[in-house]
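In what follows, chains carry the letters A, B, and so on, assigned in the order in which the sequence lines appear, proteins first and then strands, with residues in each chain numbered from 1.
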Protein chains: 2
Amino acid sequence: MEVTALADDARGDLFDPACPTRGLLDRLGSKWTSMAVKVLAGAAPAEVRFAELRRRMPGVSQKMLSTTLRGLVRDGLVDRRVEPTVPPRVHYRLTALGLSLEEPLSALRAWAEAHMAEIDRANHAAAAEQVTGADDSAVL
Amino acid sequence: MEVTALADDARGDLFDPACPTRGLLDRLGSKWTSMAVKVLAGAAPAEVRFAELRRRMPGVSQKMLSTTLRGLVRDGLVDRRVEPTVPPRVHYRLTALGLSLEEPLSALRAWAEAHMAEIDRANHAAAAEQVTGADDSAVL
DNA sequence: CTGTATCCTCCCCGATACTG
DNA sequence: CAGTATCGGGGAGGATACAG
């Protein structure tokens, strides 16, 4: 692996200071991050083990869960505690910073649950216009 | 181009109903979406023209702005109004749905502005541990 | 049990050029 | 002015195998 250890998980040196939101959304946008935060937040302040975390995130692979958690730990949003047994047990929990993120994030989740169906309908309507020859005057 | 017109902008038939948040974050995660919403929300209820929008989003290309806006229109978050002049003028503004998204989204922006620097520091600290041989006892 | 190492595929996004 | 068409690089992320 050599010197590549430096660039290991680095997602670039962040972003344009004028728009920190992009840096945050790049992270939350990665497929499993928000779900991991959700599960960890739901269990807080208790810890969650790797396998348990995986069970609560249907569809995630070992690799992606590992990668996701490493990113969160690196960002200081999650704490990682290793129980030095054989086999090892690894526990994760949100840091104070991670917990503080849960608040605005849950607001976004609430919006999603309330309005994503509407977005879904808008998409299907747009698709329908395509097949009907973009005849928008008759829609509805 | 043929029948591909159907699949044109379709980002899949959405997502697992159990997690509408993923569908939303997939959209907000795309590079220019959140910025476009921000600019449009800042101008609301006024409309913003394509070129003006582009000026307020430093670094965006014509193609990506066009693609981003098309996605937002398709999702029902943005309205598009064409002034049939020569050359044409096209105006964009958030729909009621788009405006409602701005609320939780601005909360996320506030969190980002308040805490991304901290995440930045955590990342640099993690990088530093790599070069020092993971000696975390001496950090700080 | 909790990871890491490879390989490989898909698609996001940027650059560039062209159109009405 | 407001787009669309095309090409190409690079990274996200899934499958699989292996390790401590």
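- For CD of A:Glu118, the number of neighbouring non-hydrogen atoms (other residues, nucleotides, ligands) closer than 6.0 Å is greater than 12.
- Residue-environment remark: CD (A:Glu52) exceeds the threshold of 12 foreign heavy atoms within 6.0 Å.
- Across all strands, B:Arg54 comes closer than 4.0 Å to no nucleic acid atom at all (heavy-atom distances).
- Place B:His91 and A:Gly29 on DNA chain D by their nearest nucleotides, and B:His91 ends up nearer the 5' end.
- One finds no side-chain N or O of A:Arg22 lying less than 4.0 angstrom from the OP1 or OP2 phosphate oxygen of C:dC13.
- Summarising the geometry, the separation between CG on B:Leu65 and C1' on D:dT4 is reported as 14 Å, rounded to the nearest angstrom.
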Tabulate protein N/O versus nucleotide N/O from nucleotides 15-20 of chain C, keeping only pairs under 3.5 Å, one per line.
none

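- For the side-chain contact (heavy atoms from CB on, under 4.5 Å) with B:Leu53, the lone residue among B:Leu40, B:Val90, B:Thr68 that qualifies is B:Leu40.
- Residue B:Arg81 holds its CZ atom at 9.0 Å from CZ of B:Arg93, rounded to the nearest 0.5 Å.
- The two atoms that bring B:Asn123 and A:Arg27 nearest to each other are ND2-NH2, 3.6 Å, heavy atoms only.
- Taking atom NZ of residue A:Lys31 and atom C1' of nucleotide D:dG14, one finds them 8 Å apart after rounding to whole Å.
- Taking only side-chain atoms of B:Ser66, from C-beta outward, the nucleotide of C:dC13, D:dG3, C:dG3 with the closest atom is D:dG3.
- Salt bridge status for A:Glu47 with A:Arg89: absent, with no side-chain N to carboxylate O gap under 4.0 Å.
- When the nucleotides C:dC1, C:dC13, D:dA2 are ranked by their closest atom to the side chain of B:Ser30, C:dC13 comes out on top.
- Between B:Thr67 and C:dC12 there is no side-chain polar atom (N or O) within less than 4.0 angstrom of OP1 or OP2.
- Here the C1' atom of nucleotide C:dC11 and the CZ atom of B:Arg27 are 16 Å apart, to the nearest Å.
- The side chain of B:Met64 lies closest to C:dG14, out of C:dG3, D:dG13, C:dG14.
- Within the structure, a side-chain polar atom (N or O) of B:Arg70 is placed less than 4.0 Å from OP1 or OP2 of D:dT4.
- Taking atom CZ of B:Arg81 as the reference point, atom P of D:dC1 lies 17 Å away to the nearest angstrom.
- Counting to the nearest Å, the C1' atom of D:dC1 and the CD atom of B:Glu52 are 14 Å from each other.
- Between the side chain of B:Ser34 and the backbone N or O of B:Leu28, no donor-acceptor pair lies under 3.5 Å.
- We find that OH of B:Tyr92 is positioned 14 Å from P of D:dC1, with the value rounded to whole Å.
- Closest to the side chain of B:Arg49, from the set D:dT4, D:dA2, C:dC13, is D:dA2.
- Rounded to whole Å, atom P of C:dC13 lies 14 Å from atom CG of B:Leu69.
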